[in-house]
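One structure is given below, encoded as structure tokens.
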Amino acid sequence: MAPAPSTPKSAVIFWFSLSLTFAAIYGIGGLQQAFSADLVVQDDARQHVFWMQRFLDPGLFPNDLIADYFQSVAPAGYALLYRFMAAVGIAPLLLSKLLPLLLGLITTIFCFGVTMELFPVPFAGFVASLLLNQSLWMQDGLISATPKAFVYPLFLPLLYYFLQKNVVFTGIFIAILGLFYPQYVLIIAVILILQGIEWKSWKIRIKLTRQDINLLGINLAIAGLILVIYALTSSDFGPTISASQARQLPEFLSGGRSQFFMDDAWAFWFHGRSGIALSAILTPVFMALGFLLPILLKFPKVFILVSAVSARIRILLEIVIAAFLMFFAAHGLLFKLHLPSRYTQHSLRMVMAWAAAIAITILLDALWRWGQSVPKKITAGIISGLLAIAFLFYPQLAMNNFPWTSYERGEQPELYAFLQQQPSDILIASLAEEANNLPTFAHRSVLAAREYAIPYHWGYYERFRNRLQRMIQAQYSPNMGDVVVFLQENGVDWWLIEKGAFTPGYLSYNRWLNPYAVTQEAIANLEAGIQPAIATLMTQCSRFETADFAVLSADCILTVQQD
């Protein structure tokens with residue numbers, strides 16, 4: 001485990017190649033799940049990728065509130081990449097399945113490179129990249145191929161070139177990161193500022209060389225320009241919801257669709273959207289070994305390999321400081337900087353991977369130095385072997401389905417085919433979970449669905465919420481007049497209804513609907529035996545049926561009512 005340059009080049013190549021091998025294995029595992037059936041889509045891609053089918057057919061989703069909203073919040077670089085690939089013949093949904101493998105490999109290359117800059121021991125580079133890959137493939141960020149998936153393959157090369165003091169490539173990757181995930185440029189800006197500050201014995205001073213001034217000044221200017229552009233860009237669906245508004249909405253409270261405000265202080269500060277995402281940061285559990293690094297660094301005479309740690313290791317602390325500064329800033333400015341967890345879970349995950357890898361390498365080196373006699377060598381070998389098995393196979397032992405992809409399967413191909421035969425401008429009303437899949441697999445607009453109930457921009461969510469409540473009220477109203485008004489006001493063409501929808505348990509099971517007063521009223525009516533008006537037309541106005549669903553014609557409902 002001797003540090004480079006005394007490490008043979010062949011050893012560097014071996015550990016680097018092994019790092020890429022594991023990244024490829026995990027990525028191929030994701031591909032196998034992606035192509036395990038004809039109709040497969042990643043959960044988050046149903047929000048962020050479905051509307052990109054417009055790149056192939058501009059006539060899709062005309063005047064669609066949901067598609068227009070998600071197109072408006074897509075970062076410019078992210079949308080441009082998908083648009084370009086669609087232009088050369090790679091459909092957006094296909095690209096979303098292919099990208100994770102590539103993004104994982106890029107992440108691995110630069111994770112290894114950054115490790116070598118901080119601690120030039122190739123074995124540590126392998127451990128860091130293995131831990132980071134396991135963490136990413138045990139969760140659903142990288143696999144989504146949504147904007148958050150680009151944080152790692154863009155921040156890591158940025159950090160690598162920054163550590164090498166390469167002004168040009170650092171600036172290029174700051175700019176690219178700003179095009180894909182602009183909020184994270186705030187982290188970069190704080191890190192750049194901290195790099196110009198030196199602290200010793202609680203004394204703080206600014207210490208910059210001419211090279212530092214060029215590196216920090218130019219790249220801070222680039223970061224600042226991106227942030228100014230981002231701040232001045234107004235949303236068509238603004239304003240951003242305020243904290244006071246959010247506290248009044250059940251969607252943000254415990255059990256809500258976008259649960260944020262929780263009574264449990266531990267859960268609020270350490271988990272979920274409001275917390276630092278501790279479980280994500282410490283997945284796999286070996287990440288926790290990173291907490292040992294500051295202790296090990298204090299004993300260089302005991303742990304010989306500590307001497308190989310570069311002074312630039314301070315950047316890990318700067319990333320942590322930046323992450324927490326932005327975490328608390330996001331809390332203070334809810335929800336203008338979006339979710340606080342976004343600033344800590346990505347940053348601290350990378351820091352813990354590096355810290356754990358360096359700590360593990362230092363400890364293993366100390367173990368083998370201790371094992372000079374034959375019995376001690378055997379003991380050291382057994383311990384190392386058990387640790388290797390635990391590290392390599394932990395994901396498979398900890399999870400039933402690794403890599404975890406959150407892929408969703410379309411289970412209603414006949415339904416999708418029927419809807420695709422209808423004009424592209426139809427609008428479908430449905431409270432069924434299947435409505436989440438219709439824009440992706442049927443390429444048709446829905447009035448509302450759980451997957452699209454994203455409440456951070458009030459200009460969008462107020463309209464979405466009103467639509468949803470009107471739909472619940474109309475589907476369960478005993479008054480046919482309410483049904484007619486709903487159809488006419490919203491321009492609904494088809495109504496997809498699950499055949500078990502008119503039982504009290506149906507609404508109770510769909511928890512995201514429970515906070516609404518109209519839902520509780522509907523449940524009370526069903527329990528009292530009051531039949532919804534639309535239920536009487538399930539046979540007469542059905543134009544397509546499966547074992548579970550009926551698709552009712554809005555024209556038929558309106559005609560029957562007129563008669």
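Looking at Q33, its side chain does come within 3.5 Å of a backbone N or O of P403 through a donor-acceptor pair. With hydrogens and angles ignored, the 3.5 Å screen pairs no side-chain donor or acceptor of Q195 with any backbone N or O of I191. The main-chain N or O of E451 is found under 3.5 Å from a side-chain atom of Q47 such that the two form a donor-acceptor pair. No side-chain donor-acceptor contact under 3.5 Å links D482 to the backbone of A474. A distance-only check finds a donor-acceptor pair linking the side chain of R444 to the backbone of P423 [under 3.5 Å]. Although no hydrogens or angles enter the test, the distance criterion places no donor-acceptor pair under 3.5 Å between the side chain of S341 and the main chain of A277. Using modelled atom types, one side-chain atom of N166 and one backbone atom of F169 make a donor-acceptor pair closer than 3.5 Å.
Here S96 contributes atom OG and Q42 contributes atom CD; the two are 8.0 Å apart, rounded to the nearest 0.5 Å. Between atom CG of residue L177 and atom CZ of residue F155 there is a gap of 8.5 Å, rounded to the nearest 0.5 Å. Taking CG of L438 as the reference point, atom CD of Q412 lies at 9.5 Å (rounded to 0.5 Å). The CZ atom of R465 sits 9.5 Å away from atom CD of E462, with the distance rounded to the nearest 0.5 Å. Note that NE2 of H338 and CG of L333 are 14.5 Å apart. Values are rounded to the nearest 0.5 Å. For the atom pair OG1 of T344 and CG of L325, the computed distance is 12.5 Å after rounding to the nearest 0.5 Å.
Side-chain N/O atoms of S406 and D44 include no donor and acceptor closer than 3.5 Å.
Residue V190 comes nearest to M326 through the heavy atom pair CG2-SD, 4.2 Å, listed as atom of the first residue, atom of the second, then distance. Shortest non-hydrogen contact noted between V446 and R467 is O-NH1, 4.3 Å. Annotation for G491 and L427: closest pair O-CB, 3.8 Å, computed over non-hydrogen atoms. Here the shortest heavy-atom pairing between A449 and W512 reads C-CH2, 3.6 Å. Contact record, N514 with Q520: O-NE2, 2.8 Å, taken as the closest heavy-atom pair. Closest non-hydrogen pair, Y161 versus T170, comes out as C-OG1, 3.3 Å.
For R463, the CZ atom is loosely surrounded, since the number of other residues' heavy atoms within 6.0 Å does not exceed 12. For R511, the CZ atom counts as loosely surrounded, since its 6.0 Å shell holds 12 or fewer non-hydrogen atoms of other residues, nucleotides or ligands.
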Extract all donor-acceptor atom pairs below 3.5 Å that involve side chains of residues 180-189 and protein atoms in other chains or at least two apart in sequence.
{"unit_1": "Y181", "atom_1": "OH", "unit_2": "R342", "atom_2": "NH1", "d": "3.4"}
{"unit_1": "Y184", "atom_1": "OH", "unit_2": "S347", "atom_2": "OG", "d": "2.5"}

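Contact check for F162 versus L216: side-chain heavy atoms found under the 4.5 Å cut-off. Between L513 and L468, some side-chain heavy-atom pair lies under the 4.5 Å cut-off. Annotation: side chain of Y78 is in contact with side chain of V49 (closest heavy-atom distance under 4.5 Å). No side-chain heavy atom of L136 sits under 4.5 Å from any side-chain heavy atom of L103. For the pair L316 and M350, the minimum side-chain heavy-atom distance is 4.5 Å or more. Residues Y506 and L526 fail the side-chain proximity criterion, which asks for heavy atoms closer than 4.5 Å. The shortest distance between side-chain heavy atoms of R470 and E489 falls below 4.5 Å. A 4.5 Å side-chain heavy-atom check between Y152 and C111 finds every atom pair outside the cut-off.
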Review point. Are F110 and L159 close enough, and set up right, to give a side chain to side chain contact (heavy atoms under 4.5 Å, CB included), and what steps lead you there?
Key: CA-CA 9 Å; F110 287 98; L159 187 60; over 6 Å; no
Practice item. Could you walk me through whether D140 and I143 pass side chain to side chain contact (heavy atoms under 4.5 Å, CB included), step by step? Key: CA-CA 6 Å; D140 65 350; I143 190 65; 4.1 Å; yes
Check your understanding: Could you go step by step and tell me if F237 and F464 meet the ring-ring contact (aromatic ring centres under 6.0 Å, His included) rule?
Key -> CA-CA 11 Å; F237 296 91; F464 181 97; over 10 Å; no
Check your understanding: After noting the C-alpha distance and the side-chain angles of Q139 and S135, does the key distance pass the side-chain hydrogen bond (donor to acceptor under 3.5 Å, both in side chains) rule?
Key -> CA-CA 7 Å; Q139 299 171 72; S135 182; 3.3 Å; yes
**Study point:** Audit row: Y461, E251, side chain to side chain contact (heavy atoms under 4.5 Å, CB included) steps and yes/no
**Key:** CA-CA 11 Å; Y461 193 64; E251 290 91 329; 2.7 Å; yes
Exercise for review: Assess whether side chain to side chain contact (heavy atoms under 4.5 Å, CB included) is satisfied between L278 and L348, documenting all intermediate values.
Suggested key: CA-CA 9 Å; L278 186 63; L348 301 186; over 6 Å; no
**Study point:** Derivation of the ring-ring contact (aromatic ring centres under 6.0 Å, His included) call for F50 and Y452
**Key:** CA-CA 11 Å; F50 87 91; Y452 311 107; 5.4 Å; yes
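Here side-chain hydrogen bond (donor to acceptor under 3.5 Å, both in side chains) pairs that include residues 428-440, with residues two or more places apart or in two chains, are R46-N437, Y416-E434, E433-N436, E433-R450, E434-N437. Applying the side-chain hydrogen bond (donor to acceptor under 3.5 Å, both in side chains) rule to pairs touching residues 53-71 yields Q53-H443, R54-D68, R54-Q71, D64-S445, Y69-H457, sequence neighbours excluded.
A perpendicular orientation is assigned to the rings of Y26 and F402, their planes being inclined by more than 60° (bins at 30° and 60°). Ring geometry, F260 versus F268: the interplanar angle exceeds 60°, so the pair is classed perpendicular (tilted spans 30 to 60°).
Between Y343 and H331, the ring center distance fails the sub-6.0 Å criterion. The aromatic ring centroids of F70 and F61 lie 6.0 Å or more from each other.
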